[in-house]
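Note that the coordinates shown come from a computational prediction; the quantities given were computed from them, not determined experimentally.
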Amino acid sequence: MIIKRRIFEKYNEYRFSIPYRLGDKVLVQEGDSIKNGDILIESNNSQRKHSFFVPDQLGCSLKEVADTLDCNDGEFVNSGGTLAQKITGGGLLVKKIVAPSSGIVDLSRIDSGYIDLLGEENMSEIVSNFSGVVEKNNLVDGLLVNSSALALDLLSLSDEFDIKGKTEEKKIVGEFVSLSEGKDLRLHSTEESYHDKIVFVGKYLHIDLLHDLFRKGAAFVLTYSMNYEDFRRQGLPVGIIGGFGEIHSSSYLLSKISSMSGKLAVIDYSESQIFFIQDVKEPLVKSNTFLTNLNGATVRSLLLSNYGMVGEIQSFEDEGYISVEWENGSSSMVDIGGVEFVTF
């Protein structure tokens, strides 16, 4: 009997923590039930006026960034003040990053290579679009919530060095937003800010778009594929779903991921998964994990010629071959060992 692989796995109970800071107003308490539309946290956040990716601007590595700093976290700087500098050319030249306007220095993203300059404060709210139960509420653990979720496996995660040797599990929590379903290659994003958001770029992530999103405050960037050398060098929090290079990405899968836009999401490093927090309804007819009839079954190609493409079996032939109609409209006869059986 053939087992179908679930692309999106359902979890009836998934525990995650929404972090908050001293001074934030938490509007729910331990033991409270959360419902759709509840305001969970009110906070005053300073807007990022400017962001600087130090390795690009000073020509240094991520490890060297801390040595270039000429400012302190929380320091007020005037327009023209020096934020970072690097001596080059045998001591003859000095490269500098200069504040274009006055503001407060924020070094919370310095490990990722960014210096942020903050402006005026704005009040923001975290509003629930799911149901769940508050299990803990304190500054150390944050707002620990138990809810249901859908999980998607991630092939590879960068920035994993942050959790090596630590007892705590690393998780990144934020609103999930989708730029598109990945039909076009983008070099720049359209919004002015992606502050603390988990951003899905579609089928391919260009290095210019990556830096543009983090300059605008993104907490994590998710993509189906990316150039391997860019992924290995960049050192920012990035997740890969499908693989590296110019590979096929299923329009079914991209569309399903994009439909999660607006959900609260959790990047779980220990599980190598992204969890979409939502109320998961039981279908009227439950999907069977075991496949009893090949005809009409959904498969995903494992062949080099169309790796990752989704199709539907039209017929089963002798000697283990199946006829598949692929999502791009083409049909082919393939060995049954060249596909995996999936359900979305």
Quick one: does [X]'s side chain have a donor or acceptor within less than 3.5 Å of a partner on [Y]'s backbone?
| X | Y | value |
| --- | --- | --- |
| Lys136 | Gly142 | no |
| Asn137 | Gln29 | no |
| Glu42 | Asp24 | no |
| Tyr194 | Asp212 | no |
| Ser128 | Asp38 | no |
| Asn72 | Glu75 | no |
| Ser51 | Arg215 | yes |
| Asp73 | Leu107 | yes |
| Arg109 | Phe214 | yes |
| Thr68 | Lys86 | no |

Could you give the distance from [atom1] ([X]) to [atom2] ([Y]), rounded to the nearest 0.5 Å?
| X | Y | atom1 | atom2 | value |
| --- | --- | --- | --- | --- |
| Met226 | Leu209 | CE | CG | 9.5 Å |
| Leu83 | His50 | CG | NE2 | 10.0 Å |
| Asn36 | Ser131 | CG | OG | 8.0 Å |
| Ser332 | Trp326 | OG | CH2 | 5.5 Å |
| Ile267 | Gln273 | CD1 | CD | 10.5 Å |
| Ile41 | Arg21 | CD1 | CZ | 10.5 Å |

Under a 3.5 Å cutoff, is there a donor and acceptor pairing between the side chains of [X] and [Y]?
| X | Y | result |
| --- | --- | --- |
| Ser124 | Ser43 | yes |
| Glu327 | Ser250 | yes |
| Ser102 | Asn78 | no |
| Tyr14 | Asp268 | yes |
| Asp70 | Thr82 | no |
| Asn306 | Ser301 | yes |
| Thr298 | Glu312 | no |
| Ser101 | Lys49 | yes |
| Ser178 | Ser258 | yes |

Any heavy-atom pair between the side chains of [Y] and [X] that's under 4.5 Å?
| X | Y | answer |
| --- | --- | --- |
| Tyr307 | His248 | no |
| Asn129 | Gln278 | no |
| Ser112 | Phe53 | no |
| Ile247 | Tyr224 | yes |
| Ile39 | Ile126 | no |
| Val238 | Leu222 | no |
| Met309 | Tyr252 | no |
| Leu253 | Val310 | no |

For this session: Starting from the C-alpha separation in whole Å, work towards a yes-or-no answer on side chain to side chain contact (heavy atoms under 4.5 Å, CB included) for Ile110 and Leu69.
Result: CA-CA 10 Å; Ile110 198 62; Leu69 293 179; 3.9 Å; yes
Exercise. Is the distance between the ring centroids of Phe231 and Phe244 under 6.0 Å?
Worked result: yes
For this session: Inspect the contact between Arg15 and Glu135 and indicate whether a charged nitrogen and a carboxylate oxygen are less than 4.0 angstrom apart.
Result: yes
For this session: Kindly assign one of parallel, tilted or perpendicular to the pair Phe176 and Phe276, based on the angle between their ring planes and the thresholds 30° and 60°.
Result: perpendicular
For this session: Could you check Ser17 against Lys171 for side-chain hydrogen bond (donor to acceptor under 3.5 Å, both in side chains), going step by step and ending with a plain yes or no?
Result: CA-CA 8 Å; Ser17 180; Lys171 296 179 181 179; over 6 Å; no
Exercise. Which of these, Phe275, Tyr11, Phe16, sits in a side-chain contact (heavy atoms from CB on, under 4.5 Å) with Ser147?
Worked result: Phe16
Exercise. Are His211 and Leu236 close enough, and set up right, to give a side chain to side chain contact (heavy atoms under 4.5 Å, CB included), and what steps lead you there?
Worked result: CA-CA 9 Å; His211 288 155; Leu236 296 168; 4.0 Å; yes
Exercise. Regarding Lys256 and the six-membered ring of Phe8, is the cationic atom NZ or CZ under 6.0 Å from the ring centre and inside 45° of its axis?
Worked result: yes
For this session: Indicate the atoms forming the closest heavy-atom contact of Asp111 with Leu62, along with that distance.
Result: O-CD2, 4.1 Å
